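Below is one structure; the comments refer to it alone.
Worth saying up front: this structure is predicted, and the values here are computed from it rather than measured.
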Amino acid sequence: MRFATSIAVLGFFLTTAAPTFAEEDPGFRDLSVEQVKAYHAGSQKQSSLKLTASVNRRDMTYARGETLKLRVQTNEDAYVTVFNVGPTGKITQLFPNSFQKDNLVKANSETEIPSPNGKAEIKISGDLGGEVIKIFASDKPLKLVPETMLSSGEVFVAVKSDVGEFVRNLEVTTAAPTTSGQKISIVNMAVKTVASR
């Protein structure tokens with residue numbers, strides 16, 4: 001996916017509750033081995049913190065030039081972080097971002113990514129195939145990747161690591177709350193990108 005700075009009209013939103021099963025996502029068979037590892041990274045935990053996520057295409061398939069919109073909602077106040085792992089292994093932090101710096105999502109309040117203020121969009125371009133979207137929610141701030149792995153961009157933050165290092169960071173970070181009692185919820189989505197409809 002390529003990230004630009006304008007916004008599109010919203011369409012239908014499909015809701016997915018955590019955990020999502022990869023085999024049900026339309027883009028799953030288009031994922032590389034590395035993307036499948038990223039999809040499954042992060043310890044799934046059951047707690048009272050519930051996270052739902054949705055995208056603006058019912059079939060979760062996007063053609064080049066179309067705009068992807070994501071909505072997230074939690075049943076408790078939670079800190080949310082969203083990553084995208086593209087078909088070439090490029091990792092981008094979609095939320096928080098330049099226009100949505102505060103990642104505290106209020107309970108039962110839907111948050112749209114990117115924000116509907118018209119300043120940013122997630123537009124499909126470049127390499128096509130499967131895209132992995134990973135959404136994390138926690139009742140306490142959770143640093144999933146070290147600051148040294150993040151590089152600022154215009155709107156979204158690039159993660160300066162390969163998928164293997166990214167997966168290791170997610171595994172270590174999400175395993176740590178087991179002893180601290182921290183609540184964590186993860187939603188994984190696989191979307192498909194195609195040249196045209």
Side-chain angles (χ1 to χ4, degrees), residues 1-7 18 20 22 25 27-28 30-44 51 53 55 62 64 67-70 72 78-105 111-115 119-138 140-177 182 184-193:
M1 274 188 252
R2 184 184 161 113
F3 309 103
T5 54
S6 63
I7 197 145
T20 301
D25 288 345
F28 185 75
D30 296 309
L31 299 181
S32 68
V33 172
E34 294 272 306
Q35 286 178 301
V36 170
K37 288 178 187 174
Y39 188 102
H40 292 294
S43 302
Q44 298 286 343
L51 168 66
V55 293
Y62 293 83
R64 184 174 274 134
T67 302
L68 182 144
K69 295 296 290 181
L70 178 67
V72 296
Y79 295 89
V80 174
T81 305
V82 180
F83 293 100
N84 178 78
V85 181
T88 63
K90 180 180 177 185
I91 305 160
T92 306
Q93 180 179 292
L94 300 177
F95 185 79
N97 58 57
S98 296
F99 296 112
Q100 296 168 299
K101 295 179 187 213
D102 184 5
N103 70 330
L104 178 62
V105 172
T111 297
E112 193 172 296
I113 303 164
S115 66
K119 295 181 180 178
E121 70 178 2
I122 301 171
K123 192 167 193 143
I124 307 304
S125 65
D127 294 309
L128 303 172
E131 301 271 349
V132 173
I133 300 172
K134 295 194 66 68
I135 305 128
F136 298 85
S138 176
K140 298 173 188 160
L142 184 65
K143 198 65 178 161
L144 293 158
V145 295
E147 287 291 329
T148 56
M149 287 176 56
L150 302 176
S151 69
S152 59
E154 285 185 34
V155 177
F156 304 103
V157 177
V159 178
K160 300 181 292 186
S161 76
D162 62 19
V163 175
E165 185 177 2
F166 175 69
V167 165
R168 284 188 295 279
N169 276 297
L170 296 182
E171 292 291 349
V172 168
T173 307
T174 59
Q182 185 173 10
I184 233 177
S185 184
I186 303 169
V187 168
N188 299 305
M189 303 171 95
V191 299
K192 183 176 183 175
T193 58

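Under the 3.5 Å distance criterion, the side-chain polar atoms of Glu121 are left unmatched by any main-chain donor or acceptor of Pro114. Judged by distance alone, the side chain of Thr193 and the main-chain N or O of Gly129 form a donor-acceptor pair under 3.5 Å. Lys134 places a side-chain N or O within donor-acceptor distance of the main-chain N or O of Ala41, the cut-off being under 3.5 Å. A donor-acceptor pair under 3.5 Å is formed between the side chain of Gln182 and the backbone N or O of Lys140.
The side-chain contact (heavy atoms from CB on, under 4.5 Å) check on Ser161 picks up Ile91, Met149, Val159, Glu165, Phe166, with sequence neighbours excluded. Listed by chain and number, the residues in a salt bridge (charged side-chain N to carboxylate O under 4.0 Å, His left out) with Lys160 amount to none (sequence neighbours excluded). Val157 is linked by a side-chain contact (heavy atoms from CB on, under 4.5 Å) to Gln93, Leu150, counting only residues two or more places apart in sequence or in another chain.
You'll find the side chain of Ile135 reaches within 4.5 Å of the side chain of Val80, heavy atoms only.
The two residues Thr174 and Gly42 come nearest to each other via the heavy atoms OG1-CA, 3.3 Å. Nearest approach of Glu112 to Gln100, heavy atoms of both residues: O-NE2, 2.7 Å. Across every non-hydrogen atom of Leu94 and Ile113, the tightest pair is O-CG2, 3.8 Å. The two residues Glu34 and Gly164 have their closest heavy-atom pair at OE1-N, 3.7 Å. Scanning all heavy atoms of the two residues, the minimum distance from Ala190 to Phe28 falls at CB-N, 3.8 Å. Taking every heavy atom of both residues into account, Pro87 and Asp127 meet most closely at CG-O, 3.6 Å.
Remark: Thr173 OG1 to Arg168 CZ distance equals 12.5 Å, nearest 0.5 Å. Annotation: the span from His40 atom NE2 to Asn188 atom CG amounts to 8.0 Å, rounded to 0.5 Å. Taking CG from Asn97 and CZ from Phe156, the interatomic distance works out to 5.0 Å, rounded to the nearest 0.5 Å. With rounding to the nearest 0.5 Å, the separation of OG in Ser138 from CG in Leu51 is 11.0 Å. Rounding to the nearest 0.5 angstrom, the gap separating the CG atom in Leu128 from the NZ atom in Lys192 is 10.5 Å.
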Steps toward side chain to side chain contact (heavy atoms under 4.5 Å, CB included) verdict (Leu144, Leu142): CA-CA 6 Å; Leu144 293 158; Leu142 184 65; 3.7 Å; yes
Verdict with reasoning, Tyr62 to Val55, per side chain to side chain contact (heavy atoms under 4.5 Å, CB included): CA-CA 10 Å; Tyr62 293 83; Val55 293; 3.3 Å; yes
Side chain to side chain contact (heavy atoms under 4.5 Å, CB included) between Leu68 and Ile133, intermediate numbers included: CA-CA 11 Å; Leu68 182 144; Ile133 300 172; 4.1 Å; yes
Intermediate values then yes/no, side chain to side chain contact (heavy atoms under 4.5 Å, CB included), Leu70 and Phe95: CA-CA 10 Å; Leu70 178 67; Phe95 185 79; over 6 Å; no
